[in-house]
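Proteins come first, then strands; the chains are lettered A, B, ... in the order of their sequence lines, and each starts at number 1.
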Protein chains: 2
Amino acid sequence: MRKGELTHQTILETAVRLASRVGLQGLSIGGLAEELGLSKSGLFAHFKSKTELQVQVLEAASVVFTERVVRPALGKARGEPRVRALFDGWLTWDRDALLEGGCIFVAAAAELDDAPGPARDTLVQGQRDWLDCLAQAARIAVAEGHFREALDVEQFAHDQYSVMLGFHHAKRLMRDPQAEARARRAFDALVTAARTPTS
Amino acid sequence: MRKGELTHQTILETAVRLASRVGLQGLSIGGLAEELGLSKSGLFAHFKSKTELQVQVLEAASVVFTERVVRPALGKARGEPRVRALFDGWLTWDRDALLEGGCIFVAAAAELDDAPGPARDTLVQGQRDWLDCLAQAARIAVAEGHFREALDVEQFAHDQYSVMLGFHHAKRLMRDPQAEARARRAFDALVTAARTPTS
DNA sequence: GCACGAAAAGCACGACCGTTCTATGAAGAG
DNA sequence: CTCTTCATAGAACGGTCGTGCTTTTCGTGC
């Protein structure tokens, strides 16, 4: 691998971690360069613009996310175990040391929801993929007979993500020590409701 | 009322609207001044610092929130109707024209979750009040016999807020036209589960 | 080992940031 | 009407932002 590509990768790793703390807007070229011991212009040369940096940060974070959350879950048994593994994986991800500032996607979602542009597009696509992944896992659980036939899997994915967002809020903003217990209880209720036929 | 206090109020109104779009960090003194046709220093004189401006923006938003969401719900019948009214009120709030950028508290939560200081403290206190309000409404619903005796009302408040966060995400970031329908379905499931005794 | 190309540094720019100081205008009290 | 107090404007500050341009350093294929 070329030297440049290596530092490029190193930059992105640090950038992801930094962005999880200060956000994608708060992520400054100068600050990032200093953290890495590089010059501002030297770092800038790797990206033609700040927007491009933001996009690549989101893409890099997506790669890590897939590797750390999605792939391990794919190793689990099809159906409910995999659905639970995705949830557990996400909880781990949000608590991960790599993301001192909490899930970078949640932070970016609030920043970019009214800021059209490539960064927003990249984020939305990633979130869509993630929601599709959750829905697909639920669909498999239906096929396996773990979840009821008539389950609206997109709704299930949406609800699962809501629980995650609630966890993030309780944990990171409210510093609620019970955050994880609450999230697990909420998710269990969701799974239970998905198992039993419509009442 | 003094002339100064009047403009002070006008500034805050505009600031809340602007902050809902660009966030509390993105809210700049200069930009806000221009939007109001004031000079930067003239506006600044009303607040000793930007932090103080942020705090007052959050407080002003809380006042409006209480007036528009909480108070109307207090006019509803005790118990489940009031719980539902709080939820409906929040959906209206999030869609309100006053907040073109979506709920300012959700945006601020992501920005401030790792930024200790007066602004964060103010936000956390406001969110705590809101969650307490939701829990109290649920508690009354238990007392009225609408919800089951053993219901964990704090958990219910937490779950209700999670649904709201999920709605915000689906609506504002994903631009999902079904966002509101999904949120209502999720909330209905929550209420149904709260009604029936533990299964 | 040398030459060439890539990578990083250095420097400068215009713009905007929050903040301070000073001057000027208008509002209100007597 | 006058005098004082308060509200706003104007100009400037040091700093940081993203972004170019030029130069130097360094990795690498021949």
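- Every residue two or more places apart in sequence or in another chain that forms a side chain to side chain contact (heavy atoms under 4.5 Å, CB included) with A:A110 is listed here: B:A110.
- Taking side-chain N and O atoms only, A:H46 has a distance below 4.0 Å to OP1 or OP2 of C:dA8.
- Judged as a side-chain hydrogen bond (donor to acceptor under 3.5 Å, both in side chains), not a single pair has a partner in residues 26-45 of chain B (not counting sequence neighbours).
- A sub-4.0 Å separation between OP1 or OP2 of D:dA7 and a side-chain N or O of B:H8 is absent.
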List the protein contact pattern of nucleotides 22-30 of chain D with one symbol per nucleotide (5' to 3'): B for base contact, S for sugar-phosphate-only contact, - for none; contact means a heavy-atom distance under 4.0 Å.
-> ---------
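- Taking 4.5 Å as the limit, every side-chain heavy atom of A:F156 sits out of range of all side-chain heavy atoms of A:D152.
- For DNA chain C, the stems formed by at least three consecutive Watson-Crick or G-U pairs, with both atom-pair distances below 3.5 Å, span C:1-3 with D:28-30, C:5-24 with D:7-26, C:26-30 with D:1-5.
- Look at CD on A:Q9: it is 16 Å from C1' on C:dA7, rounded to the nearest Å.
- Take A:A73 and apply the side chain to side chain contact (heavy atoms under 4.5 Å, CB included) test, not counting sequence neighbours, and it matches A:R82, A:A85, A:L86.
- Every residue two or more places apart in sequence or in another chain that forms a side chain to side chain contact (heavy atoms under 4.5 Å, CB included) with A:A60 is listed here: A:L12, A:V16.
- Between the side chains of A:Q136 and A:D132, not a single donor N or O lies within less than 3.5 Å of an accepting N or O.
- Evaluation of the side chain to side chain contact (heavy atoms under 4.5 Å, CB included) rule for B:S162 yields B:H158 as partners, not counting sequence neighbours.
- Contacts of A:A45 with the nucleic acid, taken as non-hydrogen atoms under 4.0 Å apart, are absent.
- With sequence neighbours excluded, the residues forming a ring-ring contact (aromatic ring centres under 6.0 Å, His included) with A:F105 are A:F65, listed by chain and number.
- Sorted by first and then second residue, the salt bridge (Lys or Arg N to Asp or Glu O under 4.0 Å) pairs involving residues 55-78 of chain B (not counting sequence neighbours) are B:R68-B:D96, B:R78-B:E144.
- Taking the ring-ring contact (aromatic ring centres under 6.0 Å, His included) definition, one finds that B:H46 meets it with B:H8, sequence neighbours left out.
- Put simply, CG on A:L6 is 14 Å from C1' on C:dA8, counting in whole angstrom units.
- Residue pairs meeting the ring-ring contact (aromatic ring centres under 6.0 Å, His included) criterion with at least one partner in residues 163-182 of chain A, sequence neighbours excluded, are A:H169-B:Y161.
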Take nucleotides 9-24 of chain C nucleotide by nucleotide from the 5' end and write B, S or -, depending on whether a protein heavy atom sits under 4.0 Å from the base, only from the sugar-phosphate, or from neither.
-> BBB-----BBBB----
